[in-house]
Every structure is written in structure tokens, then in C-alpha cells.
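In what follows, a single structure is set out as C-alpha cells and then discussed.
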Amino acid sequence: VEGSRPLAVLDYAPFPRQNVRILRVRREDVLQLSPIREPDLALSVYLAPHILEAVRDWGIDVVEATDFLAPALPLFQGLQTAPGAENVLCVTYNHGFVEDFHEADQIRTDEHIQTDLLGERQQCRASDLVVAPSLCARDRLASYGIRNHVAVVREPYPFAKRAEVTGVRHDLTYFGRVSLSKGIDKIILFANATQPVFGYAQVKLVGRIIPTPFRRHDMKDYVRARIAPELRDRILFTDFLDREAALDLLEPGAICPSLGSAETFSYACVESIDCGLIPVVRHGTPMAEFVPEALQHHVLDMRMRSVREMQRQFERTVAEGPEFLEGVRAHCEETLAPAKIAAEMTELYETRLARKKGLVSAAVRAPARLGDVTVLILSLIHIS
């Protein structure tokens, strides 16, 4: 937290005040302690002793951190090499690597970003456990060489809206950030391919607009230049809205493509399903895992190579719209139930912590003697 304003209840709610520690971070303090050029790494170095203090004061058994920008890298490296390492389980939750988004956006990484990429991989390797929220995320981690200590546990979502859908609206509604990494180029392709067989009254893009790195920097210009001419005057951009205002724009029965390449789970897709929108997803993405096996014939080809096949699949989806949505929603309600996910996480953490303690601790039959100990001494000599 930057700044010096007094604490408000919302800063620590819904937790008791004594269970929350808020750290005021000033850039100059970070640089003074850790004068590293890469700001994200410098911040993680600065945070490590403060987090360690909380771990010891509160007797924490499990420390969980996101992988994005490796906020716990120095902390995990310190915990894993300190006395009592067996008492704390170091966990990284796979919310997504920086490189996933750069690859999806087709942006070259600079020197600072390379440090972030390295840190994220190092933190995962320094962890006792990496939790992936989808099979797709697990497979992507494996492609980075992170596979032996990865477990798949879905993210929880409490379905509540149960919007009634009796038919399919002639509207295409996208919910989420409007960017290349979230699949706007594929959404344009899908809209252009299905417009001749369905005809959209409106194309609604609900979410923050992210500039494109290519020749047309303005994302609105990028979309309008590529979408079918008959749809250009039917596009509505909202840009950023608070959550409730955005959800109010989601109308049951609308077609909702979620075609991004950098996702590990996609809450936006699940929320749109909860609101009664008809999902359009493609193979090779976590969103395809929201569709049960019996309905996988509605899932698009990963590369969306054939326009005609896309049209055929979409015609089947429209014909079975309400039934298809109900099947997807029932599958998600079962697999993402918060109580189910909480039980899985509890069992996973208890099992892995017990395993770590068992692997590290060993019975000592006799005290060590001088001849039992080998010492490696490294000497650094400066030669002018």
C-alpha cells in the first residue's frame, strides 16, 4: 500500500484487524534496501522479511503466492534453505505468467520483462507445490519444465443468478478486457464467419479497452477495420465499468465468445454462463473445460481453421442453445462448487505438508562425529 492515509475498515474486512498486517511501501525505501534495476524483483526482495515476520508471528503452516511477477521468490528461497523448512509449505498458485500474455499479444519481451519471466519460473521451482486451476494451465506449466509438483484444483464459483433462457438472442456480447491476449482478433473472426448464417443485431464489447501493439494502436479502430462492414455501426464499446454495472449489460440468451490464449481459468467466462449467456469456446483453452464431455462437439477447433465448419458448429449451438447452456451450467455448478474446491484444497495442503515434514525429518540413531562431516569452503579473492 502506498501513501499514509489512516486505515479504514475496508482495508482489512472481512478479517479481524489482528489477523491483517498492512505494509506501507514507498518506492525510495524499496530502492534503498534493494537497489535492483528490475522493480518487481526489488519489491519482492523488500517484502520477503516482512512476510517472514508474519509467518513466524502467526505460526503459518502454508504460504501461498501468485506466480505473476514472482512476489514470493526471495521468501521461498529463504524459507526452503532455513532451519525448520519442513514446517512451512511453500505454494504457488498459477494465475498466469507474464510470458503467456506477451506471447498471446505477440509482443517482444525487453530486458526487464525477461527478469520477470525468470523469476516466475524460479518461484515455481522453489515451491513445494504449484496449484493449476485447469488442465490447460497444468500442460502449459509442463511446457516450461514445471511438472513434478503440480496439482490441478479448479477455482471456486458460487452460481447464483440462474437466469432463465428460452431462446437465443441475435446479439454477440463479449465480457472481459478487450485485448489481443483475451482473443479480440479471434472474436472478430468468429463474428465475421457467423454473421452470414445468423445475423447480429448488436456486437457488445463489455470491458476495459487495451491498446493494440500493432499498426493501429487504437483498439476501437483495430476492431472496426477488421469486422464485417455490416457490423461496424452495430458495435458498442463500454470500456471499464464496475462489476455490477458490467453484469447488468449481460442479457440472457446472447452469444458470448471467450476465445483468449493466455487464460488459466477465466472467471469472466463463468460469470457470463451464470448470467445466461451462450458460451462459445475453443479447444486448447481452459474455457473448453467448462463444457462437459457430452457437449464437446460444440467446442470450436483450436485454430478456427475452417469457416464452414465454424458455421456448422454454430448453427448446432444456436439450435440447441438453452439445452446446451443448461448442460454447461450444471457441469460448472458441480465442478466449481466452493465447498468441493475448499475440501480439495484442504486435503491437498494437509497431504503435501505432512509429506514435506516426513521427507525432511529423519530419526537420528547416533550423534555425528568429526569424520562424518564434509565441508566445502568457497573463497572469493579480488585481484586488482
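The analysis underlying the following values was restricted to heavy atoms, covering all of them including side chains, and did not include hydrogens, waters or symmetry mates. Nothing here was measured: the structure is a model prediction, and the numbers come from that model.
- For Glu28, the CD atom is densely surrounded, since the number of other residues' heavy atoms within 6.0 Å is greater than 12.
- Transitive grouping of hydrophobic side chains (ILVMFWY, heavy atoms separated by less than 4.5 Å) keeps Leu249 and Ile235 in distinct clusters.
- At least one side-chain heavy atom of Val91 sits less than 4.5 Å from a side-chain heavy atom of Val131.
- To the nearest 0.5 Å, the span separating CG on Leu259 from CG on Leu300 amounts to 6.5 Å.
- The closest donor-acceptor contact from the side chain of Glu263 to the backbone of Thr285 lies at 3.5 Å or more, if one exists at all.
- A heavy-atom distance below 4.5 Å is not found between the side chains of Asp61 and Leu89.
- Arg282 pairs in a side chain to side chain contact (heavy atoms under 4.5 Å, CB included) with only one of the listed residues (Met287, Met302, Met310), which is Met302.
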Give the C-alpha distance, both sets of side-chain angles, the deciding distance and a yes or no for side chain to side chain contact (heavy atoms under 4.5 Å, CB included) between Ile341 and Arg154. CA-CA 7 Å; Ile341 303 304; Arg154 310 305 299 277; 3.9 Å; yes
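- In terms of heavy-atom proximity, Ala254 sits nearest to Thr173 at CB-OG1, 3.7 Å.
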Start with the C-alpha gap between Asp100 and Arg140, add the side-chain angles, then the distance that decides, and say whether salt bridge (Lys or Arg N to Asp or Glu O under 4.0 Å) holds. CA-CA 9 Å; Asp100 299 335; Arg140 187 181 294 152; 3.7 Å; yes
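- Considering every non-hydrogen atom in both Leu250 and Ser272, the closest pair reads CD1-CA, 4.3 Å.
- Listed for the Thr212 side chain is no donor-acceptor partner under 3.5 Å among the backbone atoms of Met219.
- For the pair Phe97 and His102, the minimum side-chain heavy-atom distance is 4.5 Å or more.
- Around atom CZ of Arg232, more than 12 heavy atoms belonging to other residues, nucleotides or ligands sit under 6.0 Å away.
- Other residues, nucleotides and ligands contribute at most 12 non-hydrogen atoms within 6.0 Å of the CD atom of Glu103.
- In the hydrophobic clustering of this structure, Leu79 groups with Ile51; members are Ile, Leu, Val, Met, Phe, Trp, Tyr whose side-chain heavy atoms approach within less than 4.5 Å, directly or through other members.
- Within a 6.0 Å sphere centred on CG of Asp233, other residues, nucleotides and ligands contribute 12 heavy atoms or fewer.
- With Gln313 contributing its side chain and His297 its backbone, the two residues share a donor-acceptor pair below 3.5 Å.
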Trace of the ring-ring contact (aromatic ring centres under 6.0 Å, His included) decision for Phe290 with Phe265: CA-CA 9 Å; Phe290 298 143; Phe265 181 78; 5.3 Å; yes
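- Note that CG of Leu129 and CG of Leu353 are 11.0 Å apart. Values are rounded to the nearest 0.5 Å.
- With hydrogens and angles disregarded, a donor-acceptor distance shorter than 3.5 Å links the side chain of Gln80 to the backbone of Ala126.
- A single hydrophobic cluster is not seen to contain both Val55 and Tyr349; linkage of ILVMFWY side chains at heavy-atom distances under 4.5 Å, directly or through other members, places them apart.
- Taking CZ of Arg147 as the reference point, atom CG of Asp139 lies at 10.0 Å (rounded to 0.5 Å).
- Counted within 6.0 Å of CD on Gln18, heavy atoms from surrounding residues, nucleotides or ligands total more than 12; the atom is thus considered enclosed.
- A pairwise comparison of heavy atoms in Ile255 and Pro257 identifies O-CD, 3.6 Å as the closest pair.
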Take Ser261 and Lys186 through the side chain to side chain contact (heavy atoms under 4.5 Å, CB included) test and state the conclusion after the steps. CA-CA 10 Å; Ser261 300; Lys186 298 175 182 65; 3.3 Å; yes
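- Classification of the Tyr200-Phe198 ring pair by plane angle, with boundaries at 30° and 60°, yields perpendicular.
- For the 3.5 Å distance criterion, the side chains of Arg125 and Thr92 fail to qualify, holding no donor opposite an acceptor.
- Under the 3.5 Å distance criterion, the side-chain polar atoms of His149 are left unmatched by any main-chain donor or acceptor of Asp128.
- Of the possible donor and acceptor atoms, one in the side chain of Asp239 sits under 3.5 Å from a partner among the backbone N and O of Ile209.
- Here the closest non-hydrogen pair linking Gly327 and Pro292 is O-CG, 3.9 Å.
- In this structure the side chain of Leu23 reaches within 4.5 angstrom of the side chain of Leu47, judged on heavy atoms.
- Neither Leu118 nor Leu73 shares a network with the other; the hydrophobic side chains, linked directly or stepwise wherever heavy atoms of I, L, V, M, F, W or Y lie under 4.5 Å apart, form separate groups for each.
- Closest of all the heavy-atom pairs between Pro156 and Pro338 is CB-CA, 3.8 Å.
- To the nearest 0.5 angstrom, Lys204 atom NZ is 10.5 Å from Cys256 atom SG.
- Using modelled atom types, one finds no donor on one side chain facing an acceptor on the other under 3.5 Å when comparing Glu120 with Tyr144.
- Within the 4.5 Å cutoff, no side-chain heavy atoms of Tyr157 are placed close to those of Cys332.
- For the pair Leu247/Cys275, a side-chain contact is recorded, criterion being any heavy-atom separation below 4.5 Å from C-beta on.
- Looking only at distances, a side-chain donor or acceptor of Arg226 sits under 3.5 Å from a matching main-chain atom of Tyr222.
- Within 6.0 Å of the CZ atom in Arg308, the count of heavy atoms belonging to other residues, nucleotides or ligands exceeds 12.
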Under the side chain to side chain contact (heavy atoms under 4.5 Å, CB included) rule, what do Val63 and Cys90 come out as? Steps first, then yes or no, please. CA-CA 5 Å; Val63 179; Cys90 297; 5.5 Å; no
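- Distance check: Glu99 CD to Ile113 CD1 gives 11.0 Å after rounding to the nearest 0.5 Å.
- Taking OG from Ser127 and OH from Tyr93, the interatomic distance works out to 14.0 Å, rounded to the nearest 0.5 Å.
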Working for side chain to side chain contact (heavy atoms under 4.5 Å, CB included), residues Leu189 and Asn192: CA-CA 5 Å; Leu189 170 59; Asn192 289 347; 5.6 Å; no
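- Counted within 6.0 Å of CD on Glu334, heavy atoms from surrounding residues, nucleotides or ligands total 12 or fewer; the atom is thus considered open.
- When the side-chain hydrogen bond (donor to acceptor under 3.5 Å, both in side chains) test is applied to Asn94, the partners found at least two apart in sequence or on another chain are Asp67.
- In this structure, the ring of Phe237 has its center no less than 6.0 angstrom from the ring center of Tyr174.
- The aromatic rings of Phe101 and Phe68 lie perpendicular to each other, with more than 60° between the two planes, well past the 30° mark.
- Each of Val178 and Leu277 belongs to its own hydrophobic cluster when Ile, Leu, Val, Met, Phe, Trp and Tyr are linked at side-chain heavy-atom distances under 4.5 angstrom.
- Counting heavy atoms of neighbouring residues, nucleotides and ligands inside a 6.0 Å radius, atom CZ of Arg208 does not exceed 12 of them.
- Gln311 places no side-chain N or O within donor-acceptor distance of the main-chain N or O of Val197, the cut-off being under 3.5 Å.
- Of the charged side-chain nitrogens involved, at least one lies within less than 4.0 Å of a carboxylate oxygen, so that Glu309 and Arg312 count as a salt-bridged pair.
- Listed for the Glu155 side chain is no donor-acceptor partner under 3.5 Å among the backbone atoms of Leu336.
- At distances below 3.5 Å, at least one donor-acceptor pair connects side-chain atoms of Gln296 with backbone N or O atoms of Val291.
- The shortest non-hydrogen separation linking Cys124 to Ile146 is CB-CD1, 3.6 Å.
- A salt bridge is defined here as a Lys NZ or Arg NE, NH1 or NH2 lying under 4.0 Å from an Asp or Glu carboxylate O, and Lys340 with Glu344 meets this definition.
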